[in-house]
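The structure appears below as structure tokens.
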Amino acid sequence: MRVVDLIRKKRDGEALSAEEIKYLINGYAQGQIPDYQMSALAMAIFFQGMDKRETADLTMAMVGSGEQINLSEIAGIKVDKHSTGGVGDTTTLVLAPLVAACGVPVAKMSGKGLGHTGGTLDKLESIPGFEIELTSEEFIQNVNDVGVAVVSQTGNLVPADKALYSLRDVTATVDSIPLIASSIMSKKLAAGSDGIVLDVKTGSGAFMTSFADAEELAREMVDIGNNLNRQTVAVLTDMDQPLGCAIGNALEVKEAIATLSGRGPADLQELCLTLGSQMLVLAKKAATSEEGRVCLQEAIRTGQGIAKLKEMVAAQKGNPNAIDNPTLLPQAEKIVELKAESDGYVQKIEAIDVGISAMLLGAGRETKESVIDLAVGIVLRKKVGDKVQSGDVLAELHVNKLERFDEAIDLLKKAYTIGMEKPILKPLIYEVIK
């Protein structure tokens, strides 16, 4: 088998066999196939695509390139959740304890963020003492004892995907549906859960800005999961404005605490109830999504959700008192208000500009070497559809360093569009794909 022949085959629009795909992925992961040949193959896939069987085979070849997590020692049906990312996406911090409070084990591996905001692990590290690194034995024990654990993913999970993604990033081949779908699903499958709920975002602050592309990606991932005997559901959701109000690590933890206590933003709560109800159905804890929603709402009302978060924090060596008293979380030195300069309605908030503004304050990483400031970020006080008068506070900037503050506040001001007509709000949930 020669790599050049397989590149030519895909270039000419032919389907690669499972054996050929496995040969290519294993060879690249082991350093036997050079970057220039894998770059040519990625570009051929970018232009010619892959059929459903090829995409499933690519996914499993990447799963097989490294360690696979065995969760069989955890009792019950394990359901994972993945988001394609956005601005203010705090759902894991709410969902993990909330679903666990309803009796479904949540064994979640997450990553740190690279980009405009921190990842789930960065947010959890805002909690004093919280440990994201657990041994496999501790991870499984915590889920069995507490019902939930969120930890850093192992370094040897899907190494072929890590290598291929880095290559795609510098060869303009990231935006390929088969390559994106197999990248996401390989990590979810290797993580060992029995079912997967995908939050696929679309809009200006999402990875897939086009609704049609987001829907195609969602259907592709659902097909992969179901073809590989993992029950998979995708929820297509809006990311034309930030989710919730907080953007920044400790600020998002505070918002998650408020949401679990029944005081969170309506859109964040609604999305968590939608995703969580699908997780309960896959775990067979609810016969319908409506029944699942009732269980989740009851866990919020009775305080079981917030209690489960405190249990998880304590089990991972964090200070549970920070959940009762969020002032124990990192606090910025100053808060600067961005005020409206005219009357009208908020017609648009450019999510990506808000995210970059938060990154300029230090809430995200521009490079892998960047150090995140866990205290800083942005809190939106007005969202799309809200009426404003000149002088009203649109947003608060939580600031420690002033080096890039002017740039950050200018970008945040640019993110807001205010006009005289009240806008028609887009739906938060577009579609559930099963």
Side-chain angles (χ1 to χ4, degrees), residues 1-66 68 82 84-85 156-190 196 198 200-202 206-230 232 234 236 431 433:
M1 206 179 294
R2 295 196 316 157
V3 177
V4 66
D5 295 329
L6 302 183
I7 295 171
R8 184 183 298 112
K9 185 177 180 181
K10 178 45 67 180
R11 182 201 68 186
D12 294 342
E14 297 178 51
L16 299 172
S17 70
E19 183 183 6
E20 288 167 339
I21 290 170
K22 188 174 181 180
Y23 167 77
L24 289 163
I25 292 301
N26 286 346
Y28 186 57
Q30 293 164 15
Q32 296 163 357
I33 295 175
D35 281 351
Y36 61 82
Q37 285 189 309
M38 190 54 72
S39 297
L41 179 69
M43 190 62 76
I45 293 171
F46 181 88
F47 283 113
Q48 295 291 357
M50 291 181 124
D51 63 30
K52 293 189 185 304
R53 191 271 308 158
E54 282 181 289
T55 308
D57 287 338
L58 174 61
T59 303
M60 286 313 295
M62 291 201 291
V63 169
S65 70
Q68 296 180 51
H82 175 81
T84 56
N156 197 37
L157 200 73
V158 201
D161 176 64
K162 290 188 181 75
L164 184 56
Y165 189 88
S166 297
L167 189 70
R168 288 165 53 212
D169 197 33
V170 295
T171 57
T173 54
V174 169
D175 301 332
S176 161
I177 297 292
L179 294 178
I180 297 169
S182 58
S183 173
I184 291 172
M185 292 302 291
S186 63
K187 292 190 281 286
K188 293 294 103 182
L189 292 165
I196 303 164
L198 302 162
V200 182
K201 298 189 179 297
T202 181
F207 180 63
M208 307 299 283
T209 56
S210 155
F211 178 87
D213 287 346
E215 186 178 38
E216 183 183 351
L217 174 62
R219 293 189 184 281
E220 190 79 26
M221 292 192 291
V222 168
D223 284 344
I224 291 172
N226 291 331
N227 287 338
L228 296 173
N229 299 315
R230 300 286 179 92
T232 306
L236 207 57
E431 190 177 0
I433 299 169

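When all heavy atoms of Ala214 and Val200 are compared, the pair lying nearest together is O-CG1, 3.6 Å. In this structure, Val158 and Ala190 approach most closely via the heavy-atom pair CG2-CB, 3.7 Å. Residues Ile224 and Ser182 share a closest heavy-atom pair of CD1-N, 4.2 Å. Leu157 and Lys162 get closest at one heavy-atom pair: O-NZ, 2.7 Å. What you find for Asn26 and Ala61 is that their closest heavy atoms are OD1-O, 4.4 Å. Taking each heavy atom of Ala29 and Ala160 in turn, the nearest pair found is CB-CB, 4.0 Å.
Taking CG from Leu58 and CE from Met50, the interatomic distance works out to 5.0 Å, rounded to the nearest 0.5 Å. With rounding to the nearest 0.5 angstrom, the CD atom of Glu215 is 9.5 Å from the OG atom of Ser210. The distance from the CG atom of Leu198 to the CG atom of Leu217 is 8.5 Å, given to the nearest 0.5 Å. In this structure, Asn226 CG and Lys52 NZ are separated by 11.0 Å, a value rounded to the nearest 0.5 Å. With rounding to the nearest 0.5 angstrom, the CD1 atom of Ile45 is 7.5 Å from the CG atom of Leu164. Between the CE atom of Met60 and the CG atom of Leu228 there is a distance of 5.5 Å, given to the nearest 0.5 Å.
Taking Thr171 as the reference, Thr173 meet the side-chain hydrogen bond (donor to acceptor under 3.5 Å, both in side chains) condition, with sequence neighbours excluded. With sequence neighbours excluded, no residue forms a salt bridge (charged side-chain N to carboxylate O under 4.0 Å, His left out) with Asp213. Every side-chain contact (heavy atoms from CB on, under 4.5 Å) that Asp175 has, sequence neighbours left out, goes to Phe46, Phe207. For Glu431, the side-chain hydrogen bond (donor to acceptor under 3.5 Å, both in side chains) test picks out Arg219, with sequence neighbours left out. Every residue meeting the salt bridge (charged side-chain N to carboxylate O under 4.0 Å, His left out) condition with Lys9, not counting sequence neighbours, appears here in chain and number order: Glu20. Residues that satisfy the salt bridge (charged side-chain N to carboxylate O under 4.0 Å, His left out) test with Arg11, not counting sequence neighbours, are absent from this structure. Residues satisfying the ring pair (Phe, Tyr, Trp, His ring centres under 6.0 Å) test with Phe211, not counting sequence neighbours, are Tyr430. Every residue meeting the salt bridge (charged side-chain N to carboxylate O under 4.0 Å, His left out) condition with Asp5, not counting sequence neighbours, appears here in chain and number order: Arg2, Arg8. Legend: residues meeting side-chain hydrogen bond (donor to acceptor under 3.5 Å, both in side chains) with Ser65, ordered by chain and number and at least two apart, are absent. The side-chain hydrogen bond (donor to acceptor under 3.5 Å, both in side chains) search around Gln30 returns Gln32, not counting sequence neighbours.
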**Request:** Give the intermediate values and the outcome of side chain to side chain contact (heavy atoms under 4.5 Å, CB included) for residues Tyr165 and Val174.
**Result:** CA-CA 7 Å; Tyr165 189 88; Val174 169; 4.2 Å; yes
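Listed by first and then second residue, the side chain to side chain donor-acceptor pair (under 3.5 Å) pairs that reach into residues 33-44 are Tyr28-Asp35, sequence neighbours excluded. The side chain to side chain donor-acceptor pair (under 3.5 Å) analysis of residues 54-63, with sequence neighbours excluded, yields the pairs Lys10-Glu54, Arg53-Asp57, Thr55-Glu220.
Between Thr84 and Ile184, the closest side-chain pair of non-hydrogen atoms falls below 4.5 Å. Looking only at side-chain heavy atoms (C-beta outward), Gln68 and Val63 come within less than 4.5 Å of each other. Residues Ile180 and Met208 meet the side-chain proximity criterion, which asks for heavy atoms closer than 4.5 Å. For the pair Met185 and Arg230, the minimum side-chain heavy-atom distance is 4.5 Å or more. For the pair Met221 and Ile433, the minimum side-chain heavy-atom distance is 4.5 Å or more.
For Lys187 and Ser183, the side-chain atoms include at least one donor-acceptor pair closer than 3.5 Å.
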